[in-house]
Amino acid sequence: MTEQKNNFNLNSLLKETAININKEDKKNAISVIKNTPLPNSKIENWKYTRVSKLGNINFENNKANIDNISRYIIDDTKYSFIFINGHFSNIHSSKKIPVGVEIKVLSKKNNEFVNSSLKIKGEIFNAINTFYLNDGLLIDIKPGTKLEKPIQIIHILKGDNIISNFKVIINAGESSNSSFIQGFFCDSGNNNFCNSTSEIQVAKNAKLNIDKIQSESEQSFHINTEQVKQEQESIFKINTFTLNGRIVRNNLNIHVNGQNCETHLNGAYVLKNNQHVDNHSIVDHKVENCISHELYKGVMDDNSTAVFNGKVFVRKNAQKINAFQSNKNILLSDNASINSKPELEIYADDVKCSHGSTIGELDQNSIFYLKTRGLSDKSARNILISAFFQDVINNIENQNIKGYISQLLNDRFEWNF
Amino acid sequence: MIEIKNLHAKIEGKEILKGLSLNVNKGEIHAIMGPNGSGKSTFASILAGKEEYDVTNGSIVFCGEDLLELSTEERAWAGLFLAFQYPIEIPGVSNINFLKTAINEKREKNGHEPITAKDYMNLVREKSKLVELNAKLTSRSVNEGFSGGEKKRNEIFQMAMLNPKLSILDETDSGLDIDALRIVANGVNKLKNENNATIVITHYQRLLDYIVPDFVHVLMDGRIVKSGDKDLALKLEKNGYDWIKKENDI
Ligand SMILES: Nc1ncnc2c1ncn2[C@@H]1O[C@H](COP(=O)(O)OP(=O)(O)OP(=O)(O)O)[C@@H](O)[C@H]1O
Ligand SMILES: [Mg+2]
């Protein structure tokens with residue numbers, strides 16, 4: 001079966017961005033959108049993730065209202081910023097901004113340029129995000145600022161055929177310490193699509209943590225591209241939990257530009273029915289003396305499919321790099337599948353790197369043992385799945401987030417963690 | 001309590017049990033002995049409901065119920081307990097957490113409220129003392145990194161927590177040092193009363209010095225080929241199994 005080439009559908013319902021983006025970028029973006037077909041399975045990077053059907057949808061990028069958003073609030077922090085279909089929701093967002101932090105809503109930035117360094121050429125989803133950008137945040141953490149409470153950014157989709165192009169820019173200043181929570185949800189609607197990008201700078205000696213929950217719907221598409229640049233002695237940590245969505249693709253590109261950095265990427269994906277989740281990551285060690293640690297775990301049921309593709313580059317002369325990468329999977333059904341490809345590309349000689357992936361089922365002997373003690377089949381499986389996820393869940397320091405994830409897993413899979 | 005009649009069972013086409021019959025009444029202790037590979041653990045696994053084995057003939061009635069119709073967990077709720085010959089390790093699953101779930105699922109089946117946290121902790125304290133199991137081990141992952149002897153002790157701790165009607169102890173004595181053997185055997189004896197029963201599978205008389213059986217059976221070639229009182233075990237210890245083989249033409 002040959003897949004037909006499908007372009008992104010430019011229709012009259014789609015309004016181009018009102019945000020003051022570099023004109024050259026916009027021009028490049030529309031030309032990429034017009035001339036580049038949506039990726040199909042012949043494109044190596046998208047081999048297992050079929051997104052060309054997005055071209056069949058007549059997207060619109062309208063605003064919507066939701067009266068009560070309390071169930072989408074992950075943490076009770078004072079600093080919450082809410083976006084519905086990628087548009088800033090003034091009524092639902094906090095008026096408070098932490099001391100030492102500047103937060104600007106992109107649509108309210110009076111005629112100031114929004115500078116982006118995302119690659120647009122050949123990157124159709126970045127191009128769409130640029131040309132149709134609805135809104136987003138620009139967050140500056142001033143040097144030396146230590147945030148006590150996290151900044152929470154919640155994005156909610158609502159309505160049929162909605163596309164949300166959304167962006168977060170974070171500049172974590174020198175020696176700052178901050179933590180972010182990102183939640184992606186879907187209130188209702190078919191064929192909606194959140195196409196979000198993040199551009200993150202972690203300056204010298206800064207520490208930045210992101211906990212992300214993706215829990216949209218089995219009718220929604222989600223593509224997330226995160227570009228991170230780390231300067232010397234910085235620590236960047238991201239935990240990505242993908243619990244719902246029809247097709248979810250995460251691109252995580254980390255440029256480790258300074259020495260003595262730490263990079264931690266953790267993720268869990270829990271899928272059922274016909275869901276598909278694809279985690280692509282690149283950690284690019286350009287200089288010496290850094291550590292990176294990546295752990296992704298997945299449980300897949302029914303006909304769900306997942307992709308893990310993690311690349312670690314260690315450039316020439318980037319000696320004394322310690323890179324660890326692991327992807328572990330449990331398939332709960334014969335029809336579920338995972339395509340796992342951890343990759344190391346090493347051009348330096350004095351490095352410590354390891355990678356591996358496992359695919360298995362729940363251990364039948366363990367299930368039997370637990371059942372002989374009086375655990376029902378369901379609880380025995382539940383307990384083994386929760387044991388499997390324990391280390392990725394323990395990477396989250398914030399108890400509220402752990403609690404929220406447990407609740408979502410309970411609602412969706414009836415698992416008690 | 002349990003009535004096993006003419007039990008035949010196969011695995012992967014190989015017949016392992018070939019007409020095993022055994023009756024155990026409440027208040028009794030039965031010892032099963034027999035050479036390696038004679039089918040003792042197979043018998044124990046079938047009682048616990050391991051699905052890999054095909055029961056091709058025979059019947060098992062446990063407390064008036066057709067045991068073969070019950071799932072593994074239903075057998076546990078009905079009061080059957082198996083202490084494994086080779087207890088497995090389950091990383092990430094805490095001993096006391098899963099036992100609490102097990103106890104509460106049973107209580108729910110019987111229409112009882114879940115056990116309170118306080119009562120549960122008291123139960124853990126009391127029962128771990130019974131087998132002198134270090135409190136740290138009770139809260140660690142199931143058997144992960146336990147020594148051979150600690151694993152066996154943990155099996156008896158779980159038995160004490162679940163308070164079964166019929167316990168099957170499959171070579172619980174193997175791997176225990178001399179003191180541990182005494183402690184574990186004393187634990188089993190303390191749990192013993194006129195309403196429950198125990199089947200101990202063992203190769204050695206020394207366990208039976210502590211847990212004194214009412215009956216001793218020899219399982220050979222998939223059947224109980226000889227039964228007697230506790231003196232039979234002493235005779236086996238002295239003379240081995242050859243004379244029984246001869247008697248039975250095996
Ligand atoms: N899964 C299996 N597949 C094939 N053969 C099996 C399987 N399980 C058990 N057997 C065989 O059944 C026979 C009985 O094994 P079992 O473990 O019940 O013996 P046992 O009496 O408990 O021995 P031991 O005293 O060594 O513990 C053995 O010959 C064994 O190899
Ligand atoms: Mg055995």
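Lettering follows sequence order; numbering is per chain, from 1.
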So [Y] and [X], do their side chains get closer than 4.5 Å, heavy atoms only?
X	Y	value
B/F98	A/L370	yes
B/S71	A/K371	no
A/Y369	B/N143	yes
A/R373	B/F81	yes
A/T372	B/F84	yes

Tell me whether the count of non-hydrogen atoms from other residues, nucleotides or ligands lying under 6.0 Å of [atom1] in [X] goes above 12.
X	atom1	answer
A/K237	NZ	yes
A/E343	CD	yes
A/K207	NZ	no
A/K328	NZ	no
B/K109	NZ	yes
A/E361	CD	no
B/E51	CD	no
A/D334	CG	no

*Hey, could you give me the CG/CD1 distance between A/N365 and B/I90, rounded to the nearest 0.5 Å?*
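So the CG of A/N365 and the CD1 of B/I90 are separated by 9.5 Å.
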*Could you grab the distance from atom OG1 of B/T101 to atom CD1 of A/I383, nearest 0.5 Å is fine?*
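So the OG1 of B/T101 and the CD1 of A/I383 are separated by 4.0 Å.
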*Measuring heavy-atom distances to chain A, does B/L162 have an atom under 4.5 Å in its side chain, in its backbone, in both, or in neither?*
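The side chain, not the backbone.
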*Heavy atoms only: give me the nearest B/G49-A/F368 pair and the separation to one decimal.*
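Shortest heavy-atom contact: C-CE1, 3.7 Å.
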*asked:* If I measure from the heavy atoms of chain B, does A/D391 come under 4.5 Å with its side chain, its backbone, both, or neither?
replied: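 A/D391 has no heavy atom closer than 4.5 Å to chain B.
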*asked:* Distance alone, cut at 3.5 Å: any donor-acceptor contact between the side chains of A/S376 and B/E73?
replied: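 No, B/E73 and A/S376 have no side-chain donor paired with an acceptor closer than 3.5 Å.
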_I'd like to verify something: which residue of B/G92, B/S94, B/P91 has the highest number of heavy-atom pairs under 4.5 Å with chain A?_
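The option with the most such pairs is B/G92.
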